[in-house]
Protein chains: 4
Amino acid sequence: MDEPAARRPPGRGARVRAAVLGAALAELAEVGYDALTVEAVARRAGVHKTTVYRRWADRADLVVDALTEHVDLDVAVPAAGPIEDDLRAYARSVVAWLTAPTGRAVLAALLSDAARVPEVAEVKQRFFTARMRRAEPLVARAVARGELPAGTEPGDVVRALVAPIYLRLVITGEPVDDTTADAAARDAIVLARSAR
Amino acid sequence: MDEPAARRPPGRGARVRAAVLGAALAELAEVGYDALTVEAVARRAGVHKTTVYRRWADRADLVVDALTEHVDLDVAVPAAGPIEDDLRAYARSVVAWLTAPTGRAVLAALLSDAARVPEVAEVKQRFFTARMRRAEPLVARAVARGELPAGTEPGDVVRALVAPIYLRLVITGEPVDDTTADAAARDAIVLARSAR
Amino acid sequence: MDEPAARRPPGRGARVRAAVLGAALAELAEVGYDALTVEAVARRAGVHKTTVYRRWADRADLVVDALTEHVDLDVAVPAAGPIEDDLRAYARSVVAWLTAPTGRAVLAALLSDAARVPEVAEVKQRFFTARMRRAEPLVARAVARGELPAGTEPGDVVRALVAPIYLRLVITGEPVDDTTADAAARDAIVLARSAR
Amino acid sequence: MDEPAARRPPGRGARVRAAVLGAALAELAEVGYDALTVEAVARRAGVHKTTVYRRWADRADLVVDALTEHVDLDVAVPAAGPIEDDLRAYARSVVAWLTAPTGRAVLAALLSDAARVPEVAEVKQRFFTARMRRAEPLVARAVARGELPAGTEPGDVVRALVAPIYLRLVITGEPVDDTTADAAARDAIVLARSAR
DNA sequence: GACTAAACGAGACGGTACGTCGAGTCTTTGT
DNA sequence: ACAAAGACTCGACGTACCGTCTCGTTTAGTC
């Protein structure tokens, strides 16, 4: 009862964990969930297959863990200024994350067959709703300040904002950049201001 | 010189083909692409494994064929009336197809890991662009009639129309029904009428 | 010179039969019984697989027929002269047949796994005993003439004659030629003359 | 700590190896090389198919190994006494081995289609020449003692000895027992003593 | 010299085994 | 005492032949 007491949370095991999760995400990005192989992940992480199985129950569990890692990170919520600026900044941050390598990989994984795994479905739910919810205070503040009509549902505005971004990314495959983000923000505001 | 348009040997082989493609789609719906197994498809179709391999090169080829079948079907394009009615009808038909069992299965498959197969990616492309393009004449007609501002880009209107539908179906998983369709149509028109 | 006209069902069927049996023997020689494939035989005979199965029940039946063809042929039995000459001539004819391409193939086939097929085992039995028996009159005649001791068992002499030939061909794989044949004949006579 | 004296890497893997090779030889005896199936061997050994393929490249490799096992075993060489007794004892030991179940199986396999596999051909060569060579010193000793004529070629005597045994076993299928062995030994000596 | 029946070409089919790969489990070993 | 290594069971992969079957198409022998 001595040598493990030396390192409580850090130590060698943590390095293995990081290496494996990193390898898993990389494989996810390169070959997708269907073709992701525990053996390939282990090889890539420089670790033996059984070492992976000692920590994770199976392929699904490993992927859940790898995705969770990148999903619960906090995203900066800008916060001050006219609603036009705030939404534009938010839209751009969404686009930036989703088009960066890690974001692309996570998004693809969350929409892949992995989503049939209940835990991944949970992660997916958490991921999207949490991110969208984080922008709702911006809208609420604008309503309070009278920039948007009273009675505006913040959730609706945010949905309207992200919808065209995801459409291009996921459905049509069209390129997505800041221009797309700006247009999305503008349209979301137009819709919010159109009396209901 | 009567029914030759369909297939030359309409006999027994066609039944096998239909049974296997049907089984493939059903498996796709139930277990997804990742877990789809040629042997399970064969079993389900009441056919031997080697019979499947005689006609299709591999799992991917089989899935491509099964999806293609349901993708190139024609969708009714309503066509007359005020743009509000036309777009609402179109939105509802899109929702109806995507929420019916077959539609759900095809959509899920097109967004799954199967999309890494180049041929499936092609099918996906064909599928979405063809369907969206089919609604563009409606918008063009409305522009010609003065119901929508001159200079309106039909493609933009259609994208705005379907974006919230796909958002709910694919990203947030919220329920989608005629109400959703109607709101999507209304918002698309609002955006089109907001001067650029 | 259309000698096939003599048969009842002359025509085309006989050509097919000959082509297939020939191909079967050739395959037997080249790849052996284990690797002999009905499809390869058919291909080689320029005939369709089903045509083979129409006439022969299965692979074994086909091989039986192909071997039988070459087994029931008559071998010239020399017959006059001192026993030394007769046996030497017989030994040489045995060697000649067994070292010619067809003989090699038939011998190999009769000793291969094909011999597990009861009909092939029968053919094998017929083949060896018939050929050996054909030489027995030579010995009997020599006994009658007093060249060999009375009471000599012709079968024993013939067995002693062929034993070293088969040993080299089948067991040790040593080369076999007329020298071997001559030595075998000489030794058989020595043994016959050594009182029992 | 010397309980595993039997094998270098003792333990569990050796048990699998033995079980599989035993099963392979048994199958060889029962159904022959042509009908020998890796799956059947695995079943019989109580082992999964892939376990067999992990250690042996294919069917041929497995058979080579199974045969080798029984081929390189040492055979007792009697050694003292008049040449008549020595050769008779040797002949009987040859007959005993070849008529025992294992011997029959090995012999049959060495003469079957398996012999087309180069490695099996090598084993066959090793097998027969090694066993025959082992008897040559007996003859050489007899020559030295003056029991057989000077200049007698030991190899020739041994060949003459075994030839009738193999003839019966392999060619004519006649029963082989000690009587056969004794006659073979006697005849070999007669031939050796007939001046050349 | 046309007609009919057998034989043939073509190829799909259910099946068995091939040899391969990966998933997950269990045992052995080294330290 | 425990974790790395690796051997094992299991199931599916995609392939080659087996032997069966059903279609059309020659082609031979008969009328």
Side-chain angles (χ1 to χ4, degrees), chain A residues 1 3-4 12-13 16 35-43 47-62, chain B residues 9 11-17 35-43 46-62, chain C residues 8-17 20 35-43 45-62, chain D residues 9-17 20 35-43 45-62:
Chain A
M1 224 63 104
E3 89 291 357
R12 181 259 310 271
V16 168
L36 181 142
T37 259
V38 172
E39 291 183 342
V41 170
R43 229 170 3 243
V47 147
H48 198 267
K49 184 173 81 156
T50 50
T51 298
V52 174
Y53 276 107
R54 195 165 308 108
R55 291 171 189 272
W56 292 276
D58 54 17
R59 197 173 69 124
D61 191 41
L62 172 60
Chain B
R12 179 259 312 272
R15 271 196 303 279
V16 168
R17 181 182 151 85
L36 181 143
T37 259
V38 172
E39 292 188 339
V41 170
R43 250 188 322 264
V47 145
H48 199 270
K49 183 174 78 156
T50 49
T51 296
V52 174
Y53 279 109
R54 220 181 317 271
R55 291 170 183 273
W56 293 277
D58 54 18
R59 198 174 67 124
D61 190 41
L62 174 59
Chain C
R8 304 288 284 294
R12 165 261 310 265
R15 272 197 305 277
V16 169
R17 181 182 151 85
V20 172
L36 181 142
T37 258
V38 173
E39 290 185 341
V41 170
R43 239 178 341 251
V47 145
H48 198 267
K49 185 173 80 156
T50 49
T51 297
V52 175
Y53 278 109
R54 222 182 314 269
R55 289 171 186 271
W56 294 277
D58 53 19
R59 197 174 68 124
D61 191 41
L62 172 60
Chain D
R12 179 256 312 265
R15 271 196 304 279
V16 168
R17 181 183 150 85
V20 172
L36 181 142
T37 259
V38 172
E39 292 188 338
V41 170
R43 251 188 322 264
V47 145
H48 199 268
K49 185 175 77 157
T50 50
T51 295
V52 175
Y53 279 110
R54 195 168 308 107
R55 289 169 185 273
W56 293 277
D58 53 18
R59 198 173 68 124
D61 189 41
L62 173 59

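Every chain is numbered from 1, with letters handed out A, B, ... down the list of sequences. Values below: every heavy atom of this structure, side chains too, minus hydrogens, waters and symmetry copies.
- Distance CH2 (D:W56) to C1' (F:dC8): 13 Å, rounded to an integer number of Å.
- For the pair C:G46 and D:V38, both in contact range of DNA chain E, the more 5′-proximal nearest nucleotide belongs to C:G46.
- Look at CZ on D:R59: it is 13 Å from C1' on F:dA16, rounded to the nearest Å.
- As rounded to whole Å, 15 Å separates atom C1' of E:dG19 from atom CG of D:L36.
- Contact between the side-chain N/O atoms of C:T37 and the OP1/OP2 oxygens of F:dA16 is not found at any separation under 4.0 Å.
- Nucleic acid contact for D:V47: sugar-phosphate only, since backbone atoms but no base atoms lie under 4.0 Å from a heavy atom of the residue.
- Remark: C:K49 NZ to C:R54 CZ distance equals 12.0 Å, nearest 0.5 Å.
- Comparing D:D58 and A:A60 against DNA chain E, the residue whose closest nucleotide sits nearer the 5' end is D:D58.
- In the set E:dG19, F:dA12, E:dG24, F:dA12 carries the atom at the smallest distance from any side-chain atom of B:E39.
- Rounded to an integer number of Å, the gap from CZ of A:R43 to P of F:dA5 is 14 Å.
- Residue A:T50 has no polar side-chain atom (N or O) positioned under 4.0 Å from OP1 or OP2 of E:dT25.
- Using a 4.0 Å heavy-atom criterion, one finds that A:T51 contacts the sugar-phosphate atoms exclusively.
- When rounded to the nearest whole Å, the span between CZ of C:R15 and C1' of F:dT26 equals 13 Å.
- At least one side-chain nitrogen or oxygen of D:Y53 sits closer than 4.0 Å to the OP1 or OP2 atom of E:dG19.
- The shortest heavy-atom contact between D:V16 and D:R55 is CG1-NE, 4.0 Å.
- One axis for each end of the helix from E:dG1-F:dC31 to E:dT31-F:dA1, each built from five base pairs, and the angle between them comes to 20° at 10° resolution.
- Residue C:R54 is in base contact, counting any heavy-atom pair closer than 4.0 Å across all strands shown.
- Rounded to the nearest 0.5 angstrom, B:Y53 OH and B:H48 NE2 are separated by 12.0 Å.
- In this structure, CZ of A:R55 is placed 15 Å from P of F:dC2, rounded to the nearest angstrom.
- For E:dA10, its base sits under 3.5 Å from the side chain of C:H48 at one donor and acceptor pair at least.
- Side-chain N/O atoms of C:K49 and base N/O atoms of E:dG9 include no donor-acceptor pair closer than 3.5 Å.
- Going from atom CG of C:L62 over to atom C1' of F:dG19 covers 13 Å, rounded to whole Å.
- Looking at D:W56 and D:V20, their side chains come closer than 4.5 Å, going by heavy atoms from C-beta outward.
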